[in-house]
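One structure is given below, encoded as structure tokens.
This one's a predicted model, so the numbers in the text were calculated from it and none came from an experiment. Start at 1 with the first residue, then count along the sequence.
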Amino acid sequence: MTRKRVAILISGRGSNMAALIAAAQQDYPAEIALVLSNRPDAAGLATARTAGVATAVLDHKPYGRDRAAFDGALQAILDDHAIEYICLGGFMRLFTPAFVQRWHSRMLNIHPSLLPAFPGLDPHGQALRAGVKITGATVHFVIAETDAGPIVAQAAVPVAEDDTAETLAARVLGVEHRIYPLALELLAAGRIRVVEGRCVIDGAGLPQGNLVVPLWL
């Protein structure tokens, strides 16, 4: 099977990007064909180059508030690299509805909460303020509404009594690095169907056991 060509869009260090690159170096249905950043100083660009992945920079500053012009320039770069799927890895830009529609069911994002809980900014702070005992991470398709697309994969993480937003974020990041490569693998292998706004995963099973918090000793 021909591997699908994927672009990862980043604005910073790209830790999820690194996890996707590592997965694609194995027996995997997708190849990371491009890492693109809207910030020339994004640390993840060096990581990608070290891994032998092509990189590009599309600085957002010259475009000001003209999101359509930025998206047009972005699309031209993606076309030049024959990109078939996009993964967002901390890409701090909002897309126009036209761009999102063009990549409908072909653009993934990861969010550090169990969506639909705690969308938007500061999800770990939201979780701590709500007093939940379990949070986690979600990979979903990108739609026009923020953090609201069909859910592809999720992983749960217990919340400790003494957690801060920083300690909780570090623990959630570990499962992000597991489920993002899984979600892209399922997408590139053609195993995801979106039916009435929800993802159906062909051949998916259920893990054994349950996560119960707190653990009473």
Given Asn109, Asn38, Leu74, Leu34, the one that forms side chain to side chain contact (heavy atoms under 4.5 Å, CB included) with Leu9 =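 Checked Asn109, Asn38, Leu74, Leu34 against Leu9; only one passes side chain to side chain contact (heavy atoms under 4.5 Å, CB included): Leu74.
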Check: Hey, does the side chain of Tyr180 reach the backbone of Cys87 with a donor-acceptor pair shorter than 3.5 angstrom?
Finding: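 No, because the side chain of Tyr180 does not come within donor-acceptor range (under 3.5 Å) of the backbone of Cys87.
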Quiz item: Does the Thr135 side chain pair with the main chain of Ser113, one donor and one acceptor, at a distance under 3.5 Å?
Solution: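 A pair under 3.5 Å: no.
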* Partners meeting side chain to side chain contact (heavy atoms under 4.5 Å, CB included) with Ala189 (sequence neighbours left out) ->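 Per chain and number, Ala189 pairs via side chain to side chain contact (heavy atoms under 4.5 Å, CB included) with Pro29, Arg191.
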message: Using a 6.0 Å cut-off, check whether atom CZ of Arg178 has over 12 heavy atoms from anything other than its own residue.
response: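 Check fails, neighbour count at 12 or below.
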Practice problem: Sorted by first residue and then second, give each side-chain hydrogen bond (donor to acceptor under 3.5 Å, both in side chains) pair with at least one member in residues 164-173; sequence neighbours left out. | Solution: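 Found Asp163-Thr167, Asp163-Arg171, Thr164-Glu166, Thr164-Thr167.
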ask   = Can you pull the side-chain hydrogen bond (donor to acceptor under 3.5 Å, both in side chains) pairs that have at least one residue in residues 204-214, sequence neighbours excluded?
value =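 Qualifying pairs, neighbours excluded: none.
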(request) Show the numbers, then the answer: is there a side chain to side chain contact (heavy atoms under 4.5 Å, CB included) between Ile77 and Leu58? (result) CA-CA 9 Å; Ile77 296 172; Leu58 181 61; 4.2 Å; yes
What's the spacing between Gln154 CD and Leu182 CG if we round to 0.5 Å?
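Result: 12.0 Å between the selected atoms.
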message: Would you compute the distance between atom NE2 of His140 and atom CG of Asp147 and round it to the nearest 0.5 angstrom?
response: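 His140 NE2 to Asp147 CG: 4.5 Å, rounded to 0.5 Å.
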Tabulate below the donor-acceptor pairs under 3.5 Å that side-chain atoms of residues 91-98 make, not counting sequence neighbours, or state none.
from  : atom 1 : to    : atom 2 : distance (Å)
Thr96 : OG1    : Asp71 : OD2    : 2.8
Thr96 : OG1    : Phe99 : N      : 3.3

For residues 40-51, please give each side-chain donor-acceptor pair under 3.5 Å, one per line with the distance, not counting sequence neighbours.
from  : atom 1 : to    : atom 2 : distance (Å)
Arg49 : NE     : Thr55 : OG1    : 3.2
Thr50 : OG1    : Ala46 : O      : 2.9

Under 4.5 Å between side-chain heavy atoms, counting indirect links through other Ile/Leu/Val/Met/Phe/Trp/Tyr residues: same cluster for [X] and [Y] or not?
| X | Y | value |
| --- | --- | --- |
| Leu186 | Ile8 | yes |
| Val53 | Tyr28 | yes |
| Ile151 | Ile201 | no |

* Does any non-hydrogen side-chain atom of Arg67 lie less than 4.5 Å from one of His60? ->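 His60 vs Arg67: side chains apart.
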Please name all residues satisfying side chain to side chain donor-acceptor pair (under 3.5 Å) with Gln126, sequence neighbours left out, ordered by chain then number.
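For Gln126 there are no side chain to side chain donor-acceptor pair (under 3.5 Å) partners, ignoring immediate neighbours.
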Next item on the list: Answer yes when Lys4 and Glu185 have at least one side-chain N-carboxylate O distance shorter than 4.0 Å, and no when they do not.
Entry: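 Judged by the 4.0 Å cut-off on N to carboxylate O distance, Lys4 and Glu185 do not form a salt bridge.
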Under 3.5 Å, side-chain donor or acceptor atoms of residues 13-21 against the rest of the protein: list the pairs with distances, not counting sequence neighbours.
from  : atom 1 : to     : atom 2 : distance (Å)
Ser15 : OG     : His177 : NE2    : 3.3
Asn16 : ND2    : Glu176 : OE1    : 2.9

Exercise: identify the closest heavy-atom pair between [X] and [Y]:
| X | Y | result |
| --- | --- | --- |
| Ile179 | Thr138 | CD1-N, 4.0 Å |
| Ser37 | Ser11 | OG-CA, 3.9 Å |
| Arg3 | Ala24 | NH1-O, 2.8 Å |

Hey, can you pull the donor-acceptor pairs under 3.5 Å for the side chains in residues 101-108, sequence neighbours left out?
from   : atom 1 : to     : atom 2 : distance (Å)
Trp103 : NE1    : Gln75  : OE1    : 2.8
Arg106 : NH1    : Glu84  : O      : 3.2
Arg106 : NH2    : Arg102 : O      : 3.0

Share the residues that join Ile134 in a hydrophobic cluster, the rule being Ile, Leu, Val, Met, Phe, Trp or Tyr side chains under 4.5 Å apart at the heavy-atom level.
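Direct or chained contacts put Ile134 with Leu114, Leu211, Val213.
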- prompt: How is the hydrophobic cluster of Val159 composed, in terms of its other members, when Ile, Leu, Val, Met, Phe, Trp and Tyr link through side-chain heavy atoms under 4.5 Å apart, directly or indirectly?
  reply: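 Grouped by the 4.5 Å side-chain rule, Phe118, Leu128, Val132, Val157, Leu168, Val172, Val175 form the rest of the cluster around Val159.
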Table please: side-chain donor-acceptor pairs of residues 192-199 below 3.5 Å, with sequence neighbours left out.
from   : atom 1 : to     : atom 2 : distance (Å)
Arg193 : NE     : Asp202 : OD1    : 3.1
Arg193 : NH2    : Asp202 : OD1    : 3.2

Go through the structure and list residues passing ring pair (Phe, Tyr, Trp, His ring centres under 6.0 Å) with Tyr63, not counting sequence neighbours.
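Result, ring pair (Phe, Tyr, Trp, His ring centres under 6.0 Å) vs Tyr63: Phe70.
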